[in-house]
> 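Before I ask anything, here is the structure I am working with.
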Amino acid sequence: MASATWSQTFTMAKKRTAYRVWLSEVMLQQTQVQTVIPYYLRFLTKFPNVTALANASLDDVLHAWAGLGYYSRARNLHKTAILIRDKFHGKFPTSLESMIALPGIGRSTASAILAFCDQQTLPILDGNVKRVLSRLHAISTVPQKNEKELWLLAQHYTPEKTDIIDYTQAIMDLGAMICTRHSPKCTECPVAQECLAYTRNETALYPVKAVKKSLPIKKIFLMVLINKKMKFS
DNA sequence: AAGTCGTGGCA
DNA sequence: TTGCCAAGACT
(Lines give C-alpha, C1' and ligand atoms only; values in the text may rest on other atoms or scores of the structure.)
Protein backbone atom coordinates (compact mmCIF):
# COMPACT_ATOMS: atom_id res chain seq x y z
CA MET A 1 0.00 0.00 0.00
CA ALA A 2 1.45 3.31 -1.07
CA SER A 3 0.12 5.32 1.83
CA ALA A 4 -0.62 3.88 5.22
CA THR A 5 -3.12 5.52 7.51
CA TRP A 6 -1.68 6.97 10.64
CA SER A 7 -3.56 4.46 12.80
CA GLN A 8 -1.90 1.62 10.91
CA THR A 9 1.53 3.10 11.46
CA PHE A 10 0.76 3.89 15.04
CA THR A 11 -0.41 0.45 16.02
CA MET A 12 2.94 -0.89 14.88
CA ALA A 13 4.01 0.44 18.25
CA LYS A 14 2.48 -1.79 20.89
CA LYS A 15 0.35 0.50 22.96
CA ARG A 16 -1.10 3.99 22.87
CA THR A 17 0.72 5.44 25.85
CA ALA A 18 0.32 9.12 26.65
CA TYR A 19 3.93 9.68 25.65
CA ARG A 20 3.51 8.07 22.23
CA VAL A 21 0.21 9.79 21.49
CA TRP A 22 1.57 13.13 22.66
CA LEU A 23 4.65 12.81 20.48
CA SER A 24 2.61 11.81 17.44
CA GLU A 25 0.05 14.58 17.87
CA VAL A 26 2.74 17.23 18.19
CA MET A 27 4.64 15.95 15.18
CA LEU A 28 1.44 15.89 13.15
CA GLN A 29 0.64 19.53 13.86
CA GLN A 30 0.55 21.17 10.43
CA THR A 31 2.64 18.32 9.08
CA GLN A 32 1.57 15.51 6.76
CA VAL A 33 1.50 11.88 7.84
CA GLN A 34 3.98 10.65 5.25
CA THR A 35 6.49 13.24 6.41
CA VAL A 36 6.06 12.39 10.08
CA ILE A 37 6.33 8.58 9.96
CA PRO A 38 10.12 8.19 9.64
CA TYR A 39 10.76 10.95 12.20
CA TYR A 40 8.31 9.39 14.62
CA LEU A 41 9.87 5.94 14.43
CA ARG A 42 13.40 7.32 14.79
CA PHE A 43 12.35 9.55 17.67
CA LEU A 44 10.81 6.65 19.58
CA THR A 45 13.97 4.61 19.17
CA LYS A 46 16.14 7.44 20.39
CA PHE A 47 13.79 8.62 23.17
CA PRO A 48 11.63 5.61 24.13
CA ASN A 49 9.82 7.33 26.99
CA VAL A 50 9.20 10.77 28.46
CA THR A 51 12.01 10.44 30.99
CA ALA A 52 14.52 9.61 28.29
CA LEU A 53 13.36 12.69 26.39
CA ALA A 54 13.63 14.87 29.48
CA ASN A 55 17.13 13.60 30.23
CA ALA A 56 18.32 14.30 26.71
CA SER A 57 19.89 17.65 25.86
CA LEU A 58 17.83 20.19 23.92
CA ASP A 59 20.48 19.96 21.26
CA ASP A 60 19.91 16.23 20.81
CA VAL A 61 16.16 16.78 20.58
CA LEU A 62 16.52 19.54 18.01
CA HIS A 63 18.86 17.35 16.02
CA ALA A 64 16.32 14.52 15.91
CA TRP A 65 13.74 17.09 14.84
CA ALA A 66 15.85 18.64 12.10
CA GLY A 67 13.90 18.82 8.85
CA LEU A 68 10.43 18.62 10.36
CA GLY A 69 10.00 22.38 10.66
CA TYR A 70 8.24 24.49 13.29
CA TYR A 71 11.13 24.05 15.72
CA SER A 72 9.27 25.64 18.61
CA ARG A 73 7.42 22.33 18.72
CA ALA A 74 10.69 20.56 19.55
CA ARG A 75 11.60 23.12 22.20
CA ASN A 76 8.17 22.84 23.80
CA LEU A 77 8.37 19.06 23.58
CA HIS A 78 11.58 19.11 25.60
CA LYS A 79 10.18 21.66 28.07
CA THR A 80 7.09 19.56 28.66
CA ALA A 81 9.11 16.37 29.06
CA ILE A 82 11.14 18.04 31.82
CA LEU A 83 7.94 19.28 33.47
CA ILE A 84 6.46 15.79 33.39
CA ARG A 85 9.64 14.36 34.90
CA ASP A 86 10.08 17.00 37.60
CA LYS A 87 6.58 18.18 38.48
CA PHE A 88 4.34 15.26 37.57
CA HIS A 89 6.43 12.31 38.78
CA GLY A 90 6.96 11.13 35.22
CA LYS A 91 3.24 10.70 34.49
CA PHE A 92 1.05 12.84 32.26
CA PRO A 93 -1.83 14.70 33.94
CA THR A 94 -5.34 13.43 33.23
CA SER A 95 -7.35 16.63 33.35
CA LEU A 96 -7.94 18.75 30.27
CA GLU A 97 -6.91 21.98 32.02
CA SER A 98 -3.58 20.73 33.28
CA MET A 99 -2.87 19.11 29.94
CA ILE A 100 -3.51 22.36 28.05
CA ALA A 101 -1.26 24.19 30.51
CA LEU A 102 1.72 22.21 29.20
CA PRO A 103 3.89 23.95 26.57
CA GLY A 104 2.93 23.02 23.01
CA ILE A 105 -0.33 21.32 23.95
CA GLY A 106 -3.51 23.12 22.90
CA ARG A 107 -7.10 22.03 23.27
CA SER A 108 -7.23 19.64 20.34
CA THR A 109 -3.95 17.89 21.15
CA ALA A 110 -4.87 17.65 24.84
CA SER A 111 -8.25 16.13 24.01
CA ALA A 112 -6.71 13.66 21.61
CA ILE A 113 -4.29 12.40 24.24
CA LEU A 114 -7.02 12.09 26.89
CA ALA A 115 -9.43 10.42 24.49
CA PHE A 116 -6.93 7.87 23.21
CA CYS A 117 -5.21 7.11 26.49
CA ASP A 118 -7.87 7.68 29.15
CA GLN A 119 -11.05 7.14 27.16
CA GLN A 120 -12.30 10.60 28.08
CA THR A 121 -15.20 11.79 25.93
CA LEU A 122 -13.55 14.95 24.67
CA PRO A 123 -14.03 16.40 21.18
CA ILE A 124 -11.04 17.09 18.98
CA LEU A 125 -10.89 19.66 16.20
CA ASP A 126 -7.93 19.37 13.91
CA GLY A 127 -7.76 20.20 10.24
CA ASN A 128 -9.34 16.90 9.21
CA VAL A 129 -12.31 17.21 11.55
CA LYS A 130 -12.79 20.82 10.55
CA ARG A 131 -12.98 19.84 6.88
CA VAL A 132 -15.43 16.99 7.55
CA LEU A 133 -17.72 19.13 9.68
CA SER A 134 -17.52 22.09 7.32
CA ARG A 135 -18.78 19.93 4.45
CA LEU A 136 -21.27 17.94 6.48
CA HIS A 137 -22.99 21.16 7.58
CA ALA A 138 -22.03 23.35 4.63
CA ILE A 139 -20.58 25.95 6.94
CA SER A 140 -20.34 29.15 4.94
CA THR A 141 -18.61 31.41 7.44
CA VAL A 142 -14.89 32.06 7.02
CA PRO A 143 -12.43 30.07 9.13
CA GLN A 144 -11.61 33.11 11.24
CA LYS A 145 -15.21 33.25 12.41
CA ASN A 146 -16.38 29.63 12.62
CA GLU A 147 -14.14 28.27 15.37
CA LYS A 148 -16.82 28.25 18.05
CA GLU A 149 -19.42 26.65 15.80
CA LEU A 150 -16.99 23.90 14.78
CA TRP A 151 -16.13 23.09 18.38
CA LEU A 152 -19.84 22.83 19.21
CA LEU A 153 -20.40 20.47 16.29
CA ALA A 154 -17.35 18.42 17.23
CA GLN A 155 -18.75 18.10 20.72
CA HIS A 156 -22.18 17.24 19.37
CA TYR A 157 -20.92 14.23 17.41
CA THR A 158 -18.54 12.93 20.05
CA PRO A 159 -20.08 9.81 21.64
CA GLU A 160 -20.81 10.17 25.36
CA LYS A 161 -20.73 6.60 26.53
CA THR A 162 -18.75 4.28 24.30
CA ASP A 163 -16.24 3.98 21.49
CA ILE A 164 -14.47 7.27 22.00
CA ILE A 165 -11.21 5.82 20.72
CA ASP A 166 -12.79 4.32 17.61
CA TYR A 167 -14.79 7.45 16.94
CA THR A 168 -11.84 9.79 17.30
CA GLN A 169 -9.65 7.71 15.04
CA ALA A 170 -12.51 7.21 12.59
CA ILE A 171 -13.35 10.85 12.05
CA MET A 172 -9.69 11.71 11.60
CA ASP A 173 -9.22 8.89 9.11
CA LEU A 174 -12.39 9.94 7.31
CA GLY A 175 -10.89 13.38 6.80
CA ALA A 176 -7.47 12.01 5.87
CA MET A 177 -8.52 9.25 3.47
CA ILE A 178 -12.01 10.08 2.13
CA CYS A 179 -13.04 13.64 2.88
CA THR A 180 -9.80 14.96 1.41
CA ARG A 181 -9.18 18.56 0.44
CA HIS A 182 -8.99 17.85 -3.29
CA SER A 183 -11.42 15.45 -5.00
CA PRO A 184 -12.95 13.77 -1.96
CA LYS A 185 -14.08 10.15 -2.38
CA CYS A 186 -17.73 10.82 -1.59
CA THR A 187 -18.87 7.50 -3.10
CA GLU A 188 -16.94 5.77 -0.33
CA CYS A 189 -18.14 8.09 2.42
CA PRO A 190 -20.42 6.52 5.03
CA VAL A 191 -22.16 9.83 5.74
CA ALA A 192 -22.45 11.16 2.20
CA GLN A 193 -26.25 11.07 2.26
CA GLU A 194 -26.30 13.33 5.32
CA CYS A 195 -23.62 15.63 3.94
CA LEU A 196 -25.03 18.99 2.85
CA ALA A 197 -22.03 19.79 0.69
CA TYR A 198 -22.34 16.46 -1.13
CA THR A 199 -26.11 16.49 -1.64
CA ARG A 200 -25.81 20.02 -3.01
CA ASN A 201 -22.91 18.91 -5.18
CA GLU A 202 -20.77 21.61 -3.64
CA THR A 203 -17.97 19.80 -1.86
CA ALA A 204 -15.40 22.02 -3.54
CA LEU A 205 -16.88 25.08 -1.84
CA TYR A 206 -16.01 23.80 1.64
CA PRO A 207 -14.23 24.49 3.83
CA VAL A 208 -14.60 28.14 2.86
CA LYS A 209 -11.25 29.74 2.14
CA ALA A 210 -9.82 32.34 4.43
CA VAL A 211 -10.23 35.94 3.38
CA LYS A 212 -6.84 37.55 3.04
CA LYS A 213 -6.47 41.06 4.18
CA SER A 214 -5.54 43.26 1.23
CA LEU A 215 -2.18 44.94 1.52
CA PRO A 216 -2.16 48.66 2.31
CA ILE A 217 -1.20 50.72 -0.73
CA LYS A 218 1.76 52.13 1.15
CA LYS A 219 3.20 48.67 1.72
CA ILE A 220 2.70 47.67 -1.91
CA PHE A 221 4.59 50.81 -2.99
CA LEU A 222 7.47 49.89 -0.69
CA MET A 223 7.59 46.34 -2.04
CA VAL A 224 7.80 47.62 -5.61
CA LEU A 225 10.71 49.88 -4.67
CA ILE A 226 12.55 47.07 -2.91
CA ASN A 227 11.96 44.78 -5.85
CA LYS A 228 13.49 47.32 -8.27
CA LYS A 229 16.46 47.82 -6.00
CA MET A 230 17.14 44.07 -5.92
CA LYS A 231 17.21 43.86 -9.72
CA PHE A 232 19.87 46.55 -10.07
CA SER A 233 22.11 45.51 -7.25
C1' DA B 1 -6.79 38.90 17.27
C1' DA B 2 -3.87 38.73 13.42
C1' DG B 3 1.13 37.17 12.47
C1' DT B 4 4.37 33.82 12.77
C1' DC B 5 6.59 29.55 12.56
C1' DG B 6 9.20 25.25 8.28
C1' DT B 7 8.89 21.93 5.02
C1' DG B 8 6.96 19.34 1.32
C1' DG B 9 2.99 18.05 -1.69
C1' DC B 10 0.11 19.37 -5.22
C1' DA B 11 -2.49 21.84 -8.89
C1' DT C 1 6.59 28.53 -11.55
C1' DT C 2 3.99 30.28 -8.13
C1' DG C 3 0.90 30.12 -4.56
C1' DC C 4 -1.84 27.64 -1.35
C1' DC C 5 -1.96 24.91 2.59
C1' DA C 6 -1.46 20.66 5.86
C1' DA C 7 -3.42 15.77 12.37
C1' DG C 8 -2.00 23.87 15.65
C1' DA C 9 -0.10 26.54 19.18
C1' DC C 10 1.73 30.67 20.73
C1' DT C 11 2.17 35.68 21.16
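Note that the structure is predicted; figures quoted are calculated from it, not measured. In what follows, chains are A, B, ... by sequence order, proteins preceding strands, each numbered from 1.
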> Rounded to the Å, how far apart are A:Met177 CE and C:dA6 P?
18 Å
> Let's test your reading of the model: under 3.5 Å, does the base of B:dG8 pair with the side chain of A:Thr31 as donor and acceptor?
no
> Can you check the A:Lys130 NZ to C:dA9 P distance for me, whole Å?
9 Å
> Between atom CG in A:Leu150 and atom P in C:dG8, what is the gap in whole Å?
13 Å
> When the distance from CZ of A:Arg16 to C1' of C:dA7 is rounded to whole Å, what number comes out?
12 Å
> Tell me whether the side-chain N/O atoms of A:Thr109 come closer than 4.0 Å to OP1 or OP2 in C:dA9.
yes
> Could you please name the option among C:dA9, C:dA7, B:dG9 that lies closest to any side-chain atom of A:Gln29?
C:dA9
> If you look only at pairs with a residue in residues 108-128 of chain A, which of them pass as a ring-ring contact (aromatic ring centres under 6.0 Å, His included), with sequence neighbours excluded?
none
> Report which part of the nucleic acid A:Leu102 touches: base, sugar-phosphate, or nothing (heavy-atom distance under 4.0 Å, all strands).
sugar-phosphate
> What is the separation between atom CD1 on A:Ile124 and atom C1' on C:dG8, rounded to the nearest whole Å?
12 Å
> Applying side chain to side chain donor-acceptor pair (under 3.5 Å), can you list everything that pairs with A:Glu202, at least two apart in sequence or on another chain?
none
> Is A:Gln30 near enough to C:dA6 that one of its side-chain N or O atoms lies under 4.0 angstrom from OP1 or OP2?
no
> What is the distance from NZ of A:Lys79 to P of C:dC10, rounded to the nearest Å?
10 Å
> Which residue lies toward the 5' end of DNA chain C, A:Gly104 or A:Leu28, if each is placed at its nearest nucleotide?
A:Leu28
> What pairs meet the ring-ring contact (aromatic ring centres under 6.0 Å, His included) rule with one or both residues in residues 73-97 of chain A, with sequence neighbours excluded?
A:Trp22-A:Phe92
> Report yes or no: do A:Ile82 and A:Val50 belong to one cluster of Ile/Leu/Val/Met/Phe/Trp/Tyr joined by side chain heavy-atom distances under 4.5 Å?
no
> Please give me every residue in residues 90-99 of chain A whose heavy atoms get under 4.0 Å of an atom in DNA chain C, ordered by residue number.
none
> Among the candidates B:dG8, C:dA9, C:dA7, find the nucleotide nearest to the side-chain atoms of A:Gln169.
C:dA7
> Under 4.0 Å from any atom of DNA chain B, heavy atoms only: list the residues of residues 60-75 of chain A that qualify, in numerical order.
A:Gly67, A:Leu68, A:Gly69, A:Tyr70, A:Tyr71, A:Ser72
> With rounding to whole Å, what would you report as the distance between C:dA7 and B:dG3 at their P atoms?
23 Å
> Can you list everything that forms a ring-ring contact (aromatic ring centres under 6.0 Å, His included) with A:Phe47? Sequence neighbours excluded, please.
A:Phe43
> List in chain and number order the residues that pass side chain to side chain donor-acceptor pair (under 3.5 Å) with A:Asp118, two or more places apart in sequence or in another chain; answer none if no residue qualifies.
A:Gln120
> Please report, rounded to the nearest Å, how far the P atom of C:dC10 is from the CZ atom of A:Arg107.
14 Å
> To the side chain of A:Arg181, which of C:dA7, B:dG8, C:dA6 is closest?
C:dA6
> Kindly work out whether a path of hydrophobic side-chain contacts (I/L/V/M/F/W/Y, heavy atoms less than 4.5 Å apart) joins A:Tyr39 to A:Leu23.
yes
> What integer number of Å spans the C1' atoms of B:dA1 and C:dA6?
22 Å
> Report the residue (A:Gln32 or A:Lys145) whose heavy-atom-nearest nucleotide on DNA chain B is the more 5′ of the two.
A:Lys145
> Taking ring-ring contact (aromatic ring centres under 6.0 Å, His included) as the cut-off, I'd like each qualifying pair that reaches into residues 151-204 of chain A, sequence neighbours left out, listed once.
A:His137-A:Tyr157
> Let me know the distance between CG of A:Leu23 and P of C:dA7, rounded to the nearest Å.
18 Å
> Can you find a side chain N or O atom of A:Arg131 that sits less than 4.0 Å from OP1 or OP2 on C:dA6?
no
> A:Ala176 near the nucleic acid: base, sugar-phosphate alone, or nothing, with a heavy-atom cut-off under 4.0 Å?
base
> Does A:Glu147 have any salt bridge (Lys or Arg N to Asp or Glu O under 4.0 Å) partners at least two apart in sequence or in another chain, and if so, which?
A:Lys130
> Consider only side-chain heavy atoms of I, L, V, M, F, W and Y, link residues closer than 4.5 Å, and tell whether A:Leu150 and A:Val129 are in one cluster.
yes
> Considering heavy-atom distances to DNA chain C, does A:Ser24 or A:Asn76 have its closest nucleotide positioned more toward the 5' end?
A:Ser24
> Rounding to the closest angstrom, what is the interatomic distance between C:dT2 and B:dG6 at atom P?
23 Å
> For residues A:Gln193 and A:Thr199, is any side-chain donor paired with an opposing acceptor at under 3.5 Å?
no
